[in-house]
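Side chains are part of it too, since the values below use all heavy atoms of this structure and drop only hydrogens, waters and symmetry mates.
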Amino acid sequence: MRIGDFNRRATIQARASGFDEAGQPLTDWADFASKVPCNVSTKSGKAQIASGAEVSVVQAVVQIRWRTDITEGMRVLYNGDVFKINAVMPDYAGRRFVDLVCEVAK
């Protein structure tokens, strides 16, 4: 894995924990890690019909350097798009990178 392979920067966000003044759980997102070196590649796109409206879904893989603190349910902000992390696929053999399997709904 060369340094040039991670030539983009993204922000990883997690759900904010805690409660608001009314005692309701927070639904906001908070930055978990910013300026994360990454490589983003789209894998497929498909159109679906949801509630009578056509929805375009783009599937992508965001590859980041090895780390163990990223989980499903987090999201990646990159280039103005929000990518929902559906799966975290670590490179256990080499411990060099982690593939984040994501989707972005347009």
- Query: In the single-linkage hydrophobic clustering (I, L, V, M, F, W, Y; side-chain heavy atoms under 4.5 Å), do M89 and Y92 co-cluster?
  - Reply: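 Different hydrophobic clusters.
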- Message: Could you see if V58 belongs to whatever hydrophobic cluster contains V62? Use Ile, Leu, Val, Met, Phe, Trp, Tyr and a side-chain cutoff under 4.5 Å.
- Response: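 Yes, it is one cluster - the side chains of V58 and V62 are joined through contacts under 4.5 Å.
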Show the nearest heavy-atom pair for residues [X] and [Y], with the distance to one decimal.
X	Y	result
G73	W29	O-CH2, 3.2 Å
V82	V104	O-CG2, 3.0 Å
E103	N86	OE1-ND2, 3.4 Å

I need the [X] [atom1] to [Y] [atom2] distance, nearest 0.5 Å.
X	Y	atom1	atom2	result
Y78	N39	OH	CG	8.5 Å
F97	D91	CZ	CG	4.0 Å
Q59	C102	CD	SG	10.0 Å
I70	I85	CD1	CD1	6.0 Å
L100	F83	CG	CZ	11.0 Å
F32	M74	CZ	CE	4.0 Å

- Item | Pairs flagged by salt bridge (charged side-chain N to carboxylate O under 4.0 Å, His left out) wherever residues 66-76 is involved - sequence neighbours left out |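 Non-adjacent pairs meeting salt bridge (charged side-chain N to carboxylate O under 4.0 Å, His left out): R67-D69.
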- Is any side-chain heavy atom of C38 less than 4.5 Å from a side-chain heavy atom of Q63?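 They are not in side-chain contact.
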- Message: Counting C-beta onward and ignoring hydrogens, is there a side-chain heavy-atom pair between V40 and V76 closer than 4.5 Å?
- Response: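 With C-beta onward as the side chain, the pair stays apart.
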- Sub-3.5 Å donor-acceptor pair from the side chain of R96 to the main-chain atoms of W66, do we have one?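 Side chain of R96 to backbone of W66, a donor-acceptor pair under 3.5 Å: no, none is there.
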